[in-house]
Each structure stands twice: as structure tokens, then as C-alpha cells.
Amino acid sequence: MNRLKNNLLQIDRKSYKAYKQIAGSYTYPRYTLHIDYVQGDPFASPSKIRIVIPEKERHIASEWLETKSRRVAVEDAFARAVDKAVKQNKVSINGSGKSGMIAFDGPGQEILERTAVNIAKQEIAVCLSVGLPANGRSINGKEAIKLFNQAIPDLLENSTFKILDKDIQQAVQLADQQEAIWQAMKENNWVSFIANGSILPRKSGVSDLPAGGAIAFQSPPEDEVELTLPHGKIVKGMAVKQGVTLITGGGYHGKSTLLQAIERGIYPHCQGDGREFICTDPSAVKIRAEDGREISSVNISPFISNLPHGKDTTSFSTMNASGSTSQAANVMEALEVGAETLLIDEDTSATNFMIRDSRMQKLIDPENEPITPFIHRIRQLVDETDKSVVLVTGGSGDYFAVADTVILMKEYKPKNVTQRAKEIIKEDPIANSNVEPADFTSLQNRQLLASTFPKQTDKRFKIQAKGQFQILFGKEPITFAYTEQLVDASQTRMIAEIIQYLYRNEGSNFSSFEALIQHIDEKMDQGLEKLTKSNEKHPGDLARPRKNEIAAVLNRMRKAKFSMK
């Protein structure tokens, strides 16, 4: 601590680049400070520091780390405390540029595996970014001393040393209860569970916080189940069973809100979110139309065939997909990497992909229509491959004929109307459509080619995340704004690191794209930093994405090259 102070006094008022001299480790009374990376300019990306607190200074109960979900929950609890302290920091640091800035990769409403806080049995590591103080382009050593000897210690006193064991224990108990719900879902063949009392609506379109005064969820009696969870918790709620579940109702009655809660249920949520006890099949993927996206060698023939001019759809590629071809590709790509549940909202779907009514069937001969709508494939997909579909529709009652369960939303209250829907189909049956069965049992076996990645001779070539929905691959942007289950910019940064990892290994020669994605997922099990090259000691702004979103981003690379095996 004193050595750092003396170093800062010695370089005070020198050129900013002299800050490079302070990189290293410094012992403080209750922790060790590691300065891992020093910025070269007051306006450049901030410096990276780590605080390592030994177990004797901040006790870590061994039972908190007994399972992966507990460890993630405990790290998340500490991260929320640090994030709050950073936002409430009142120590003013003067200077130009980013002088005195303290940044931390804080969590959102979802509990994700992150690198901002890492807990082992013997220590806690907290990663921060700081702006080293400057006057113009000269070092402001006295303000830097205030940063390291006042602001940072105050922050730690108000977070890692202040958080109570009972608050951490509460996070551990919630993690146990959420895991128990997922286990019950597996045992009972449910694709989702929505607890009674859950708050589904969000505060606004730009806030993921729960909406105040919202109607609490209440399961229909026919679908209500009761679960006995660990730590004395009993919950009741709606079980969404495997098969085809239709969510219908009038406009603005909560159909899409329910589906959005289900699609976010792939992640555990923090205490107070309102969706703590909404859990969904972790492999579930939201499917939508995505006009203009890149498609490379995807077998969309179950839905689209006999295109004009004989264009092959068993290995379909395009630089500018239509609504129907993009949605077909999104389905097949999701199945390729193991999605067991598809989530679809008609509002974001291509109409001609979803349905073609009897009148249109009479007008257009089957020989002249390349699209086999989803309604004519859904039962085969579910029955032959044990997949499930949760579908929101308010405009097509034809789906009543293929649904196992129909839920009617009225003023945000669900009602099971399956029996009435079946009666309606009997009274007014839909026209039969004789379509040849598709082959969903042997999914495509694509391979990502090493030629996707340029030779490692151009030192200017970079792979960088730009916000939550874009990654720069050299000068080529990869955009994926419609990948709706990617919830955090830190997940995007992790995907950029994964692409960088593949670039260093020239794509890695795996037998299939699915095997490649599985390899990445298993690598992340060993620690997210295992896939990074730079700042391995300080990977403090990464969060784990699912393999589904990793695949989705790679599939949207305009320079990606796939071969069909």
C-alpha cells in the first residue's frame, strides 16, 4: 500500500504513459490489489484492477459452493452488492478524461455465470475497471492516491465486507429452490413452470424491472400443480406440459407477455424480480422471422422445397433471407444444436410460414407453392422427435386442431379452453392438407469450415463486441438484434472471445457444427477465462451465453462458410 503511494508520488505530473510503472500487486490490510492492465491514455479504455480478499477477511461457508448453481448465486449476490456500492460511490476524483471512473460489470435481473466476481474456498476476487486520474495528459498522482486509498477501500467496505451472511444464504436457498423446479420439470415432462403470484409484465420497454401494480399470475385449475421445494418452500403454479401449447386471446390481454416470461425462464432470476419461480426448459429457443439475415448451407426442405429454377433447399444459402426462409432456417438451426422446445409468437412470424388457409390452397396448386406451412409440420415434429412448441396466436384458429393445450388470456388471467377449442374444430373442421412427411429424425450435419477465418497475418484484424447485439469481425459487422434470449452485453463479449478462440484455432476441425458448439460449452464449464487470450487474470466483463445463442451468432456471420456432410 505504501509502495504504491510512493510510486504515485514519484510519477506525479509526469507523462501519462509513466502509469505503466505501477502495474503489479500491492498488499493492503484486508486484501491484495492487482493492477493487471494500465491504460495508455486518459481517454482510452480504462485500467483493469483486481481485488483479492482472503477467506480470513471475508468468510466463505463451504456449503455455499457445494453445487454449481449455489456458487453462481453466491457470486451473483456479491456482484450485486459491489454494483450497488459502485453506483453509490461518493468519493470525487478530479481530472480529465475518464479520471476517477470506477466501473463494474453488474448483473441484471437474470442470475448469470459471470467473471466480475470469482469465489474460491480461500478467496474472493473482484474485478473492476478504473480511470487513472490525469491533468490533460499528465499524471495526477495525488488524485490516484485518493482513488486507491479512499475510493476503492470505501467501495469494498460498503459491499464485500458489508453484505450479511443471511443475505447470501437467502440467495443460496433461492438457487436450491429453482434447481428443484427444473428437476421436477424433467421428472414430469413439463417445458415450463409459472408460479402463482409471479409478476410477468415489465416496468417499460427499456426497463426489465417488474411493473408496479401488475396483476399477479394465477394458474388455471386444470394446469395447477403444487411443488414442495427445499428450505420449507411450497409453491403452486401452472405446469406447461410437453407437446403443443397454444396461448391465445384478444389483443393486449397478455399473450406475448406470458410468452416473454417463459422465454426468459431459461435463466434463474434474482429475488424481487417477480419471475423468481418461472422456470423453462433450458434449451428452449425463441423462433421468429428475420428478413435479411445470412443463411449458409441449412437444410430447410421440411418447410420449403421446389423453389423456382430448381434452387436446392437441402443445403440452402442466401445473403438476404425472406421472412419464411429465415424462419425455416431458425427452426432447423435451433434443432441442430439441441433445442427441445420452440417458442413462437405469430406477431414476429412470417404469415406464409405459419399458415395457408383453405381458400389460398384452392387458388394456388401445391405444385406451385414451395412452402409447407408450420401448421402442417408441427404434429410430426412433436410426435416423432419429442420436441415441444409453445405458440402465441390470436389470428388463426386452425392451430386448435394441432394443439394439446389451449390457454386463453383475458385481462392477464389465463384460462384453459382446450375442450372448447376442440369443440370448435369439430363444428368447423379445417381443410385436410395432404403433405408428404418430412425427415426430422436425421438432422443436418453441417461443418464450420476453417476458411471462415482469415489467416493470422493481418495484425490489424480484430474481433470486438459492440454493445449487446453486434460484434465486429474485422470490418464486417455481425448483427443479431433478433436473438431475443441473449440478455446481457457481457454475454456478447463472451461470444466475441469465443469467435476469437476459433480464429486462433482456425475454426477447430470438428466433425460437425453441433460438436463444435458442444466443445465450446464444455470448455466454458472449466471457466469462462479458458477461452480468452488477453487479460486472463482479469476477465471481469464476461457472462456465460447458452450454446444456442453462440450458434445463433455464428450462423449470422456473413463470412461464415459451412459444408453439408
Side-chain angles (χ1 to χ4, degrees), residues 37 40 44-45 290 292-299 315-321 326 329-330 333 336-337 444-483 486 489-524 526 528-536 538-539 541-565:
Y37 165 77
S45 297
E290 200 172 338
R293 64 152 289 195
E294 170 91 355
I295 299 174
S296 180
S297 300
V298 178
N299 180 5
S315 181
F316 182 79
S317 299
T318 179
M319 296 287 287
N320 188 20
S326 65
N330 287 345
E333 289 169 352
E336 180 183 22
V337 292
Q444 60 196 52
N445 191 18
R446 296 186 304 158
Q447 187 176 34
L448 181 66
L449 300 178
S451 57
T452 294
F453 303 91
K455 297 295 182 182
Q456 299 181 42
T457 53
D458 186 357
K459 294 183 179 180
R460 295 173 297 175
F461 181 82
K462 293 183 179 180
I463 300 169
Q464 295 177 306
K466 296 292 183 181
Q468 189 171 334
F469 297 111
Q470 188 177 86
I471 292 172
L472 283 182
F473 184 73
K475 295 181 179 180
E476 185 81 29
I478 313 169
T479 56
F480 37 93
Y482 294 138
T483 308
L486 191 73
S490 299
Q491 291 176 304
T492 305
R493 286 190 284 269
M494 186 68 229
I495 295 175
E497 292 286 351
I498 289 167
I499 296 174
Q500 185 76 250
Y501 169 81
L502 295 175
Y503 170 58
R504 294 195 303 272
N505 293 277
E506 295 188 344
S508 299
N509 193 21
F510 288 88
S511 59
S512 68
F513 184 54
E514 180 188 13
L516 170 63
I517 296 298
Q518 187 61 35
H519 165 76
I520 294 295
D521 204 46
E522 291 170 357
K523 198 84 172 174
M524 287 192 294
Q526 303 169 24
L528 303 187
E529 70 281 357
K530 298 297 182 183
L531 289 159
T532 65
K533 180 181 180 182
S534 60
N535 297 327
E536 288 185 4
H538 188 293
D541 57 357
L542 306 175
R544 183 168 184 166
R546 298 189 308 161
K547 62 181 183 180
N548 311 74
E549 280 68 56
I550 298 168
V553 173
L554 291 172
N555 277 317
R556 284 157 181 76
M557 289 176 62
R558 291 198 174 273
K559 292 190 175 181
K561 297 180 180 67
F562 290 87
S563 67
M564 189 72 75
K565 296 194 73 178

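What's counted below: heavy atoms across the whole structure, side chains too, no hydrogens, waters or symmetry copies. Small disclaimer: the values here were computed from a predicted structure and weren't measured.
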Sub-3.5 Å donor-acceptor pair from the side chain of S297 to the main-chain atoms of S315, do we have one?
-> no
Across all chains, not counting sequence neighbours, the side-chain hydrogen bond (donor to acceptor under 3.5 Å, both in side chains) partners of N548 are none
Hey, does the side chain of S326 reach the backbone of E290 with a donor-acceptor pair shorter than 3.5 angstrom?
-> yes
List in chain and number order the residues that pass salt bridge (Lys or Arg N to Asp or Glu O under 4.0 Å) with R544, two or more places apart in sequence or in another chain; answer none if no residue qualifies.
-> E113, D521, D525
Of all heavy-atom pairs between I471 and V553, which one has the smallest distance, and what is that distance?
-> CD1-CG1, 4.2 Å
Among all residues two or more places apart in sequence or in another chain, which pass the side chain to side chain contact (heavy atoms under 4.5 Å, CB included) test with S45?
-> none
Between S512 and N445, the two heavy atoms sitting closest are CB-OD1, 2.8 Å
Y482 meets the ring-ring contact (aromatic ring centres under 6.0 Å, His included) criterion, sequence neighbours left out, with none
Of all the heavy-atom pairs spanning K547 and Q518, show the shortest one and how long it is.
-> NZ-OE1, 3.0 Å
Residues at least two apart in sequence or cross-chain that pass side chain to side chain contact (heavy atoms under 4.5 Å, CB included) with A552, listed by chain then number, are T483, R556
Contacts of type side-chain hydrogen bond (donor to acceptor under 3.5 Å, both in side chains), residue E514, not counting sequence neighbours = none
With sequence neighbours excluded, tell me which residues meet side chain to side chain contact (heavy atoms under 4.5 Å, CB included) with E476.
-> R558, K559
Judged by atom type as modelled, is there a donor-acceptor pair below 3.5 Å linking the side chain of T452 to the main-chain atoms of K561?
-> yes
Determine yes or no for a side-chain-to-main-chain donor-acceptor pair under 3.5 angstrom, with Q447 supplying the side chain and F510 the backbone.
-> yes
Check side-chain hydrogen bond (donor to acceptor under 3.5 Å, both in side chains) between Q500 and all other residues, then give those that pass, not counting sequence neighbours.
-> none
Partner of R293 under side chain to side chain donor-acceptor pair (under 3.5 Å), chosen from N330, N320, T318 | N330
Show me the donor-acceptor pairs, under 3.5 Å and distance only, between side chains in residues 461-469 and residues at least two apart or in other chains.
unit_1: Q468; atom_1: NE2; unit_2: L486; atom_2: O; d: 2.9

Closest approach of I550 and M524, non-hydrogen atoms and distance?
-> CD1-CE, 3.6 Å
Residues forming a ring-ring contact (aromatic ring centres under 6.0 Å, His included) with F513, sequence neighbours excluded = F562
For residues P545 and Q491, report the shortest heavy-atom separation together with the two atoms involved.
-> CA-NE2, 3.7 Å
Considering non-hydrogen atoms only, spot the tightest contact between P477 and K475 and give its length.
-> CD-O, 3.5 Å
